[in-house]
Number of protein chains: 2
Amino acid sequence: MNTIYVLPQKELRHLFNKAGLRFTPQREAIWRLFESNSAGFTVSQVAAALAPQKIGQTTVYRTIKALQDMEYLKRVHAEGGEHRFVASRPGHSHMLVCRSCSKAVECTDCDLSVLEKLIAKQTGFAVEGHHLEFFGLCSECF
Amino acid sequence: MNTIYVLPQKELRHLFNKAGLRFTPQREAIWRLFESNSAGFTVSQVAAALAPQKIGQTTVYRTIKALQDMEYLKRVHAEGGEHRFVASRPGHSHMLVCRSCSKAVECTDCDLSVLEKLIAKQTGFAVEGHHLEFFGLCSECF
DNA sequence: GTTGTTGCAAACAGTTTGCACGAAA
DNA sequence: TTTCGTGCAAACTGTTTGCAACAAC
């Protein structure tokens, strides 16, 4: 369990409101869960963890989608068919995911512009962007 | 429709046999379809295109999985929930996908080792690999 | 002839939607 | 008090599996 950074409740409320959304106990609970573990969760994991609090999975789906739109949640490649989401800072970044413990960290300063220019020249494409994700073993699992 | 390269039937048969699989008309038809269009197809598109030939979608799923294992098909990011697959040469490579016509080309010489070393140093991760896909506009759509 | 493949139908898993009730603003 | 969010159940979509007939080797 790797605590990333805990958003004060006021700030969190403001984030939701800014996005035109209401601040509800369910939404807070879901976010707090992601905040508590940088390995992230699948929808069913969140639903299972918050079942005691009677939070339905429909709400989990909708809240995760909202947090994704707000760029506070990023989807990472998962093994099975189910998607996994991890907390992240808004803006472009790449995820580095541990294949053992699933812990994810962001790399924000991965510059691929040189590579993009090279590819543009080789292929004639006007490169607009990329999806990039690294995987490996984190220092604890190594 | 961008013809990539047409595998002679003998070679194709050999490829399947080498993988411990039989060479069937269904498998050939599915592969020929991918061979005919570098924009690739989703499962339902393949099934629809080959429905006149009475090829069931179960076969489409199984053949695509086989071709993926043989590394002759790569999955690319698609908009909707359905996966899209494009023909590719075996081995590690990255896909460059046109957001307008979906045409995909491979880039094989994209060296990320420098970046991987940098990230390893910054994060303490033992980086083992990456998923990378570029998107933009191909020269025809530009 | 033996063994793998096909294609149908049924099962499954993940996700979305309709709607009445309840809570945030 | 208005509007949005919740949670249940049902619907949907994409994918997998069981199995008998069939085809490749």
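Quick note: numbers below take in every heavy atom, side chains included, and nothing from hydrogens, waters or symmetry partners. In what follows, chains carry the letters A, B, and so on, assigned in the order in which the sequence lines appear, proteins first and then strands, with residues in each chain numbered from 1.
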Separation of [X] atom [atom1] from [N] atom [atom2], in whole Å?
X       : N      : atom1 : atom2 : value
A:Lys18 : C:dA25 : NZ    : C1'   : 19 Å
B:Trp31 : C:dT5  : CH2   : C1'   : 20 Å
B:Ile55 : C:dC8  : CD1   : C1'   : 15 Å
B:Glu28 : C:dT5  : CD    : P     : 16 Å
B:Arg22 : C:dT6  : CZ    : P     : 10 Å
A:Lys54 : C:dA23 : NZ    : P     : 15 Å

Kindly give the atom pairs (protein nitrogen or oxygen, nucleotide nitrogen or oxygen) under 3.5 Å for nucleotides 13-15 of chain C.
unit_1 : atom_1 : unit_2  : atom_2 : d
C:dT15 : OP1    : A:His83 : ND1    : 3.1
C:dT15 : OP2    : A:Tyr61 : OH     : 2.8
C:dT15 : O5'    : A:Tyr61 : OH     : 3.3

| task | On DNA chain D, check which nucleotide each of B:Arg13 and A:Gly56 is closest to and give me the residue with the more 5' one. | result | A:Gly56
Say whether, by atom type as modelled, one donor and one acceptor occur between the side chain of [X] and the main chain of [Y] under 3.5 angstrom.
X       : Y        : value
B:Arg84 : B:Ser102 : yes
A:Arg75 : A:His83  : no
B:Gln45 : B:Thr42  : yes

| Base, sugar-phosphate, or nothing: which does B:Thr58 touch, judged by heavy atoms less than 4.0 Å apart? | base
| field | Sugar-phosphate, base or nothing in reach of A:Arg62, heavy atoms under 4.0 Å | value | base
In terms of the angle between their ring planes, are [X] and [Y] parallel, tilted or perpendicular, with boundaries placed at 30° and 60°?
X        : Y        : value
A:Trp31  : A:Tyr72  : perpendicular
B:Phe134 : B:His94  : perpendicular
B:His77  : A:His131 : tilted

| request: When you get a sec, tell me which of C:dT6, C:dT5, C:dA23 is the closest nucleotide to the side chain of B:Gln26? | output: C:dT6
| Cut-off 3.5 Å, side chains only: do B:Gln26 and B:Thr63 have a donor facing an acceptor? | no
| request: Check step by step if side-chain contact (heavy atoms from CB on, under 4.5 Å) holds for A:Glu28 and A:Glu35. | output: CA-CA 10 Å; A:Glu28 174 165 20; A:Glu35 217 173 33; over 6 Å; no
| said: Run A:Arg99 and B:Glu128 through salt bridge (charged side-chain N to carboxylate O under 4.0 Å, His left out) and show every step you take. | reply: CA-CA 9 Å; A:Arg99 76 163 152 81; B:Glu128 295 175 334; 2.6 Å; yes
| note | Contacted region of DNA chain D by chain A, from 5' end to 3' end of the hits, cut-off under 4.0 Å to heavy atoms, spans D:dT3 to D:dA9
| query | Between the two end axes of the helix from C:dG1-D:dC25 to C:dA25-D:dT1, each built from 5 base pairs, what angle do you get to the nearest 10°? | reply | 40°
| Can you find a heavy atom in the side chain of A:Val43 that is under 4.5 Å from one in the side chain of A:Phe85? | yes
| task | Walk me through it: do A:Asn37 and A:Lys103 pass the test side-chain contact (heavy atoms from CB on, under 4.5 Å)? | result | CA-CA 8 Å; A:Asn37 189 345; A:Lys103 188 172 86 174; over 6 Å; no
